[in-house]
Amino acid sequence: MYILDSNLNEEQKRAVYSDSRALLIVAGAGTGKTRVLTTRAARLIKENPDARYLLLTFTKKAAMEMTTRVRDLIREDTKNRLYSGTFHSFCSNIIRRHSERIGLTNDFVIIDESDSLDLMKKVFSRIYSKEKLDSLIFKPKDILSIYSYARNNNQDFIEIIQRKYKYVNFEDIKKIVNLYELSKRERNYLDFDDLLMYGLLSIKALEKSPFDEVLVDEFQDTNQIQAEMLYRFYYLGSRISAVGDDAQSIYSFRGAYYKNMFDFIKRLDAEKIILSSNYRSTQPILDIANSIIQSSYNSIKKELIANVKLKDNVKPKLVIVSDDWEEARYVAREMQKFNEKGLKVAALYRAAYIGRNLESQLNSMGIKYSFYGGQKLTESAHAKDFMSFLRVFVNPKDEIALIRILRMFPGIGEKKAEKIKNAVINGGNLKIALSKEKNLEELNLFFEKLFETTDWHDILELIFNFYKDIMIRLYPENYEEREADLIKFMDMSSNYDNLVDYLEAFTLNPVERVEFDNNNVILSTIHSAKGLEFDVVFLLSVIESVYPHFKAQSTDEIEEERRLFYVAITRAKQRLLFIFPRHSKKNRGYFAKNTISPFLREKDSYLDVSIVG
DNA sequence: GTTGGCGCGTTTTTT
DNA sequence: ACGCGCCAAC
């Protein structure tokens with residue numbers, strides 16, 4: 001037995017050294033799941049230097065962090081022994097390698113969610129007349145999200161549609177998805193779901209697993225296609241070890257299926273190890289967390305027990321304030337006090353707009369803070385504009401990108417762009433189609449120059465210079481900041497060997513927007529705070545209609561809200577403060593009376609209540 | 001018939 | 001910060 005980490009407790013050691021072919025590590029919040037997974041990977045590599053391992057995560061950041069930790073443990077490079085990456089990037093890789101076997105070419109372009117939506121809107125306008133479009137009860141976004149859910153979970157799309165919309169024309173809806181599929185195929189696009197589906201197909205085409213073991217992080221967030229990939233690897237000879245916490249499953253609205261944790265045990269007769277020794281929070285914080293998740297109707301039973309012993313072992317506080325502005329003032333003041341003591345303090349909330357009052361309060365007090373979550377830099381309008389030029393260079397028939405470019409020019413709107421695009425797609429060439437438009441002469445000349453250029457770094461340079469002037473016209477208020485972003489993108493190009501890899505990275509490894517002004521005062525949605533921890537946590541607006549959110553209606557949806565509430569609570573290490581504003585200001589200027597979140601009802605014994613203002 | 005300006009609302013969003 | 005709907009202007 002290699003002593004890679006002598007500080008592991010008994011349950012963690014069992015998880016690190018188990019040799020089961022299928023292993024499920026149920027890791028409650030703060031129980032050291034990353035440590036267990038990385039130590040396990042390190043131990044495997046050490047014991048069998050010739051073996052190869054695959055570590056799958058949901059974010060690039062997690063993959064990189066774990067690789068670093070494994071490398072630090074074994075004090076060697078992990079190259080050729082541990083492949084770690086996101087499900088999507090792993091899929092993209094295996095598809096490019098096996099593309100011809102599954103009927104694809106390896107030069108596909110990965111489109112993100114907003115591209116998918118653009119494409120779906122095009123499909124809608126091709127199928128319905130303008131009047132019909134306005135009267136539809138389902139929107140492109142609705143169809144796309146249901147379709148995506150169905151594909152990711154092996155369910156019949158039409159059946160779900162029928163359940164949700166009783167009186168719609170199902171033939172039309174079949175036509176919509178068929179045309180959506182066809183459009184992708186014709187333009188050589190793969191959307192995020194295609195990556196997973198074709199990834200699974202590629203795995204199915206293997207005769208033997210290239211990996212001795214597949215390790216999986218955040219297993220509760222996998223969908224059924226991702227789980228199927230793991231089962232395939234198992235049947236091809238891999239061991240599988242998965243870490244997850246069903247109580248922290250908060251992404252089912254995007255297709256995550258936490259019941260994979262139960263299925264995994266049943267299907268593979270997996271060994272189950274529960275980690276419940278918590279190294280993050282004080283017992284009073286865990287007590288309320290346990291009591292809230294206990295009422296959950298189906299979860300793997302585990303009671304978190306604190307290992308943290310502080311002299312200052314205070315109960316969570318429920319602070320009652322008069323309204324949401326008072327909430328912002330109170331929290332800003334208190335955050336400042338804790339921050340001055342050197343503590344890391346966060347305000348968490350259900351939806352971005354709830355943090356807005358606090359943000360302006362902190363600004364007016366001159367307190368620096370960092371903002372987690374929100375839109376990625378690579379998803380911003382100017383980033384997508386920039387990328388569109390590259391995409392048209394790679395594939396002149398890339399219609400989403402082409403239309404985006406055309407619409408940057410005055411006098412070119414939806415219809416005209418569509419017309420020009422059709423001329424290009426239907427056999428005609430780009431140059432001829434563009435030469436018919438007076439406002440596009442400049443663009444035509446630019447493309448001519450672009451297509452004569454071979455070095456892709458020169459191409460980036462050309463695009464940058466051409467788009468700069470357009471940007472000044474499109475975004476006169478803040479084009480300087482946007483230009484700085486583009487320079488950042490240009491600099492990133494040195495990390496990639498070719499244009500296709502560079503383009504893929506834009507979609508699969510989006511760049512965060514945030515600059516960290518102060519790592520000790522943090523504003524974040526609960527979703528974006530998952531996996532993080534803070535000395536002090538303020539949970540804003542613990543009112544009914546937010547916890548659970550009023551749009552969550554079914555039992556399953558409300559259970560997910562409960563888990564979200566649980567995730568928020570278990571971020572706190574020392575202090576936890578729930579803020580309840582008795583009134584909230586509504587848009588039209590009146591104050592609405594609030595009731596406290598049902599999740600906090602009858603929890604008085606766990607709380608200290610105080611009234612401020 | 002189209003384009004483009006303006007005001008409004010906003011659940012969360014790993015890829 | 002952005003998409004959407006509405007409406008005036010071309």
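Fair warning: this is a prediction, and the values are worked out from it, not measured in the lab. Note on naming: letters A, B, ... go to the chains in the order of the sequence lines (proteins, then strands), and numbering restarts at 1 for each one.
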*With respect to the phosphate group of C:dA1, does any side-chain polar atom (N or O) of A:S380 fall under 4.0 Å of OP1 or OP2?*
no
*At under 4.0 Å between heavy atoms, what does A:Y251 touch on the DNA or RNA strands: base, sugar-phosphate, or nothing?*
base
*Separation of A:H549 atom NE2 from B:dT13 atom P, in whole Å?*
12 Å
_Sidechain N-carboxylate O distance under 4.0 Å for A:K551, A:E557_ = no
*asked:* At 4.0 Å (heavy atoms only), tell me whether A:A352 reaches a base, stays on the sugar-phosphate, or touches nothing.
replied: sugar-phosphate
*For the residue pair A:Y83 and A:F211, categorise the inter-ring angle as parallel (less than 30°), tilted (30 to 60°) or perpendicular (more than 60°).*
tilted
_Classify A:K551 by what it touches in the nucleic acid, base, sugar-phosphate, or nothing, heavy-atom distance under 4.0 Å._
base
*asked:* Categorize A:K419 for me: base, sugar-phosphate, or nothing, with a 4.0 angstrom heavy-atom threshold over every strand shown.
replied: nothing
*Rounded off to whole Å, could you give me the CG-to-C1' distance for the A:L508 and B:dT15 pair?*
7 Å
*Less than 5.5 Å between centroids and less than 30° between ring planes, does A:H88 satisfy that with B:dT15?*
no
*Considering only side-chain heavy atoms of A:K121, which listed nucleotide, B:dT11, C:dG3, B:dT10, is closest?*
C:dG3
*How about A:N152 and A:D193: does a side-chain donor come under 3.5 Å of a side-chain acceptor?*
yes
*asked:* Looking at A:R187 and A:D115, is there a salt bridge between them, counting it only when a charged N and a carboxylate O are closer than 4.0 Å?
replied: no
*asked:* Does A:K61 reach a base, just sugar-phosphate, or nothing at all? Heavy atoms under 4.0 Å.
replied: nothing
*Please determine if a side-chain N or O atom of A:K376 lies less than 4.0 Å away from the OP1 or OP2 oxygen of B:dT14.*
yes
*Inspect the contact between A:D112 and A:K384 and indicate whether a charged nitrogen and a carboxylate oxygen are less than 4.0 angstrom apart.*
yes
*A:F253 over B:dT12, stacked by centroid distance under 5.5 Å, angle under 30°*: yes
*What nucleotide, of B:dT11, B:dT13, B:dT15, holds the atom closest to the side chain of A:S528?*
B:dT13
*Pick base, sugar-phosphate or nothing for A:R473, based on heavy-atom distances below 4.0 Å to the nucleic acid.*
nothing
*Among A:Y147, A:Y149, A:Y180, the one residue meeting ring pair (Phe, Tyr, Trp, His ring centres under 6.0 Å) with A:F157*: A:Y147
*Report the distance from atom CG of A:D118 to atom C1' of C:dC4, rounded to the nearest whole Å.*
14 Å
_Minimum-distance nucleotide to A:R356 side chain [options: B:dT2, B:dT14, B:dT10]_ = B:dT10
*A:N439 has an atom CG; how far is it from atom P of C:dC10, in whole Å?*
16 Å
*Out of B:dT2, B:dT11, B:dT15, which nucleotide sits closest to the side chain of A:K415?*
B:dT2
*asked:* Students often get this wrong, so: under 4.0 angstrom with heavy atoms, is A:D221 touching a base, only sugar-phosphate, or nothing?
replied: base
*Counting heavy atoms from C-beta on, name the nucleotide in C:dC2, B:dG4, B:dT15 closest to the side chain of A:F192.*
B:dT15
*A:K139 has an atom NZ; how far is it from atom C1' of C:dG5, in whole Å?*
10 Å
*Grab the CG-P distance between A:N509 and B:dT15 for me, whole Å please.*
8 Å
*Roughly, in whole Å, what's the span from CG in A:L196 to P in B:dT15?*
13 Å
*Tell me what A:I412 touches on the nucleic acid: a base, only sugar-phosphate, or nothing, going by heavy atoms under 4.0 Å.*
sugar-phosphate
_Tell me whether the side-chain N or O atoms of A:R254 pair up with the base of B:dT15 as donor and acceptor below 3.5 Å, since no angle test is needed here._
yes
*asked:* Expressed as a whole number of angstroms, how long is the span from A:L117:CG to B:dT13:C1'?
replied: 14 Å
_At 4.0 Å (heavy atoms only), tell me whether A:E560 reaches a base, stays on the sugar-phosphate, or touches nothing._
nothing
*If you find the nucleotide of DNA chain B closest to A:F409 and the one closest to A:E561, which residue's nucleotide is nearer the 5' end?*
A:F409
*When we call it a touch if two heavy atoms are under 4.0 Å apart, what does A:R407 touch: a base, just sugar-phosphate, or nothing?*
nothing
*N/O donor-acceptor pair under 3.5 Å between A:N153 side chain and A:Q155 backbone*: no
_If you compare every side-chain N and O of A:T525 against the phosphate oxygens of B:dT13 (OP1, OP2), does one of them come in below 4.0 Å?_
yes
